[in-house]
There are 2 protein chains.
Amino acid sequence: MTGAPTLSRMTQPPASAASAASTRERIIASARGMTVRVGWSAVSMGRLAADSGLSRQTVYNEFGSKSGLAEALVLTELALFLDVVEAAFRAEPGDLVAGVRGAVFGVLDLAERDELLRAVVSASHGANSDLLPLLTTRADTLLAVARDVLLRCLAAYDVPFDDAHLEMAVDVVVRTTLSHVMQPSSSPATTADDLAWVAARVLRP
Amino acid sequence: MTGAPTLSRMTQPPASAASAASTRERIIASARGMTVRVGWSAVSMGRLAADSGLSRQTVYNEFGSKSGLAEALVLTELALFLDVVEAAFRAEPGDLVAGVRGAVFGVLDLAERDELLRAVVSASHGANSDLLPLLTTRADTLLAVARDVLLRCLAAYDVPFDDAHLEMAVDVVVRTTLSHVMQPSSSPATTADDLAWVAARVLRP
DNA sequence: TCTGTACAAAACCTATCCTTCTGTAAACCC
DNA sequence: GGGTTTACAGAAGGATAGGTTTTGTACAGA
């Protein structure tokens, strides 16, 4: 609650009072739980409204359409991860390498535990795609958002090279981490250590 | 033809004379072209046999099943990329960073031009999945094979750290490059330059 | 601001039939 | 050995027609 602007702003409609945000959050929470339980394709606006204790019309007023709801759901989940990243860097104000380790670990650890992400990714390995299309077709957006957040976090540190090189280093970290989210090869802690080691080598003066 | 063993061995049946390999290659070439033209799901063993000028039974004798054919097709295509990687490093015997740049550029450049890969990846953005399941469910295998080949290429160079660290550096390069194959953010040349710069920073003594 | 009802168009499920495809087997030909 | 042809059962893939659910919008009311 330090007033730091996160992605949560993107998950809210243009104008809304506190009660509207609460309604919105309630719907998203219901949609999340229902998706984990029965899969995205089995979530209908009617069932969702009943589950949230609201009318179907309210759900439509809030999200416009089912894909609007999907987008909000994805963005809300993404915000969880970005908050973890920001917290990790805030916890290591003087040590960029430690911040990288913490952020990477936080993301991979959350990815392992996150029910929604697990449902989507494991569904991709098995049978139905469900929400996966929304992740793969919007992968460029996800990459861009993650890059921007990381760049903002890194503005607080001194790096021994210019912004252009910083951006590509960030690109490498983001893509490698995301690759491990989809296709892990070892434990979050090990992967975080590895990426921190690479970061340390790159950052050496 | 220097006798360097590549992945091509994996794409051949246990025992076969020259003519058998030719038959196999003919079938794979037909399957490749047909997949590019009409999509993997529209490739049937019957049409494939007719297109190759062979009998349907021969196709079954050679690959066992349609998924056996798919695996051979993917491995053959993968071998193209790995050959590019090996050639790039062979062209820069004394300069590891230049080798990295060449290999990354070669892979991304080929990925842009490769009809089969384009068909599979662009299909993933659009409607049908087709061959994509075979790529995503086997992504761990692809990663492992790519890592192994890269490690073998790098054995010819002196790196200023031990094997464990080399393996994770390779992991980072492979995952980042593959990420750019699926989701490019700039030109192959630019991305190759960027990754080479990171490699240079990491390799600094 | 949220609810309830009503409504058209689209999407989805079910059952049926027909066609195609897969995978295996055997007989046959260099 | 390498290849072809024919034959076959079972799985899988349209196409068709029906009935049901769902989507998205509209509007009157608490």
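Worth knowing before you read on, the calculation uses all heavy atoms, side chains too, and leaves out hydrogens, waters and symmetry mates.
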**Student:** What is the distance from CG of Asn61(B) to P of dA26(C), rounded to the nearest Å?
**Tutor:**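 Distance, rounded to whole Å: 14 Å.
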
**Student:** Is Val202(B) close to Val172(B) at the side-chain level, that is, under 4.5 Å between some pair of heavy atoms?
**Tutor:**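 With C-beta onward as the side chain, the pair stays apart.
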
**Student:** Counting just side-chain N and O atoms, does Thr58(A) come under 4.0 Å of either OP1 or OP2 of dT1(C)?
**Tutor:** no

**Student:** Atom CZ of Phe63(A) to atom C1' of dC2(C): distance rounded to whole Å?
**Tutor:** 15 Å

**Student:** Measure the shortest side-chain to side-chain distance between Leu117(A) and Glu77(A) over non-hydrogen atoms and say whether it is less than 4.5 angstrom.
**Tutor:**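 They are not in side-chain contact.
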
**Student:** Determine the minimum heavy-atom distance between Leu82(B) and Ala146(B), stating which atoms define it.
**Tutor:** CD2-CA, 4.4 Å

**Student:** Between atom CZ in Arg47(A) and atom C1' in dT22(D), what is the gap in whole Å?
**Tutor:** 9 Å

**Student:** What heavy-atom pair brings Ala139(A) and Gln183(B) nearest, and what distance separates the two atoms?
**Tutor:** CB-NE2, 3.4 Å

**Student:** Taking atom C1' of dA11(C) as reference, at what distance in whole Å does atom CH2 of Trp40(A) sit?
**Tutor:**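 For the pair Trp40(A) CH2 and dA11(C) C1', the rounded distance is 16 Å.
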
**Student:** Can you name the nearest heavy-atom pair linking Ala70(B) to Trp40(B), along with the distance?
**Tutor:** CB-CZ2, 3.4 Å

**Student:** At a cut-off of 3.5 Å, list every protein nitrogen or oxygen paired with a nitrogen or oxygen from nucleotides 24-29 of chain D, distance to 0.1 Å.
**Tutor:**
{"unit_1": "dG24(D)", "atom_1": "OP2", "unit_2": "Lys66(A)", "atom_2": "N", "d": "3.0"}
{"unit_1": "dG24(D)", "atom_1": "N7", "unit_2": "Arg56(A)", "atom_2": "NH1", "d": "3.3"}
{"unit_1": "dG24(D)", "atom_1": "O6", "unit_2": "Arg56(A)", "atom_2": "NH2", "d": "2.7"}
{"unit_1": "dT25(D)", "atom_1": "O4", "unit_2": "Gln57(A)", "atom_2": "OE1", "d": "3.3"}
{"unit_1": "dA26(D)", "atom_1": "N6", "unit_2": "Gln57(A)", "atom_2": "OE1", "d": "3.2"}

**Student:** Within this structure, what is the CD-to-C1' distance between Glu62(A) and dT1(C), rounded to whole angstrom?
**Tutor:** 11 Å

**Student:** At 4.0 Å (heavy atoms only), tell me whether Ser44(A) reaches a base, stays on the sugar-phosphate, or touches nothing.
**Tutor:**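 If one applies the 4.0 Å heavy-atom cut-off, Ser44(A) turns out to touch the sugar-phosphate alone, with no base involved.
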
**Student:** Parallel, tilted or perpendicular: which one describes the rings of Trp197(A) and Phe161(B), with boundaries at 30° and 60°?
**Tutor:**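 Aromatic pair Trp197(A)/Phe161(B) classed perpendicular.
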
